[in-house]
Amino acid sequence: MSATTSAVLGQKPEPLRPFKVGVGGFLLLGTGHLALAAATAWGNPTPQEEASSAAMRATTMTLLGLERTTLDVVHGMSSVMALFVISCALLSLFAARQSPALIERRTAFGWTLLAASLVGLAISALFLPPPPIIVLTVTSCAFALSLRRAAP
């Protein structure tokens with residue numbers, strides 16, 4: 001039932017649909033990032049990209065006795081963060097399925113997802129190209145709408 005139909009009938013729109021849109025945005029963000037990283041790794045680098053990679057391969061860091069190149073650290077952190085976003089999105093869907101009250105009422109669960117989305121949006125706006133900015137704008141709006149529709 002649409003929000004307009006719900007308003008005409010005097011029913012409050014349910015919060016689950018925008019919540020699923022927000023979580024879907026997190027899934028898109030994580031899987032899109034992994035796909036882009038894979039395409040970049042298998043693609044033909046430009047001379048500038050090759051020079052940048054060579055410089056990062058030449059620089060190493062040692063932490064707790066493990067030596068890694070800067071390139072390895074950047075790629076590793078990037079992949080781990082993407083997998084973490086995907087895992088959090090899936091856990092959010094599973095939690096909502098097992099306990100719909102987490103979404104139907106304004107709980108810390110919903111507020112935490114909105115806060116994470118807004119922080120991600122702020123960081124993306126400062127450092128990243130438009131695609132994650134657009135996705136995180138949609139997820140932030142979706143989580144905010146879900147909380148607005150939820151019972152206090």
| query | Between the side chains of S140 and S117, does any donor sit under 3.5 Å from an acceptor? | reply |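 Distance-only check passes for S140 and S117.
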| Can E67 and T62 be counted as having a side-chain donor-acceptor contact under 3.5 angstrom? |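 No, no side-chain donor-acceptor contact under 3.5 Å.
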Decide whether [X] and [Y] are clustered together by the hydrophobic rule: side chain heavy atoms of Ile, Leu, Val, Met, Phe, Trp, Tyr closer than 4.5 Å, transitively.
{"X": "F26", "Y": "V21", "answer": "no"}
{"X": "M81", "Y": "L63", "answer": "no"}
{"X": "V73", "Y": "F127", "answer": "no"}
{"X": "V85", "Y": "L114", "answer": "yes"}
{"X": "L90", "Y": "F84", "answer": "no"}

Testing the basics here: between [X] and [Y], what is the closest heavy-atom pair and its distance to 0.1 Å?
{"X": "G25", "Y": "V135", "value": "O-CG1, 3.3 Å"}
{"X": "E104", "Y": "P15", "value": "CA-CG, 3.8 Å"}
{"X": "I133", "Y": "L128", "value": "CD1-O, 3.5 Å"}
{"X": "S53", "Y": "L71", "value": "O-CD2, 4.1 Å"}
{"X": "E49", "Y": "N44", "value": "OE1-O, 4.4 Å"}
{"X": "S92", "Y": "L113", "value": "OG-CD2, 3.6 Å"}

| task | Starting from the C-alpha separation in whole Å, work towards a yes-or-no answer on ring pair (Phe, Tyr, Trp, His ring centres under 6.0 Å) for F109 and F143. | result | CA-CA 11 Å; F109 182 74; F143 288 132; 8.9 Å; no
Is any side-chain heavy atom of [X] less than 4.5 Å from a side-chain heavy atom of [Y]?
{"X": "I103", "Y": "S146", "answer": "yes"}
{"X": "P152", "Y": "R105", "answer": "no"}
{"X": "T139", "Y": "L29", "answer": "no"}

Working to the nearest 0.5 angstrom, can you tell me the gap between [X] [atom1] and [Y] [atom2]?
{"X": "M61", "Y": "T70", "atom1": "CE", "atom2": "OG1", "value": "4.0 Å"}
{"X": "L121", "Y": "I134", "atom1": "CG", "atom2": "CD1", "value": "11.0 Å"}
{"X": "L27", "Y": "L93", "atom1": "CG", "atom2": "CG", "value": "6.0 Å"}
{"X": "C88", "Y": "L83", "atom1": "SG", "atom2": "CG", "value": "11.0 Å"}
{"X": "R97", "Y": "L102", "atom1": "CZ", "atom2": "CG", "value": "14.0 Å"}
{"X": "F19", "Y": "E14", "atom1": "CZ", "atom2": "CD", "value": "11.5 Å"}

| task | Tell me, with the steps shown, if I86 and L34 meet side-chain contact (heavy atoms from CB on, under 4.5 Å). | result | CA-CA 10 Å; I86 293 167; L34 287 177; 3.8 Å; yes
| Would T69 and M56 satisfy side-chain contact (heavy atoms from CB on, under 4.5 Å), going step by step from the backbone distance to the final call? | CA-CA 7 Å; T69 68; M56 289 197 305; over 6 Å; no
Checking [X] side chain against [Y] main chain: does a donor-acceptor pair fall under 3.5 Å?
{"X": "T59", "Y": "A55", "result": "yes"}
{"X": "S52", "Y": "Q48", "result": "no"}
{"X": "R106", "Y": "L147", "result": "yes"}

| More than 12 heavy atoms of other groups within 6.0 Å of R57 CZ |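 Correct, the count exceeds 12.
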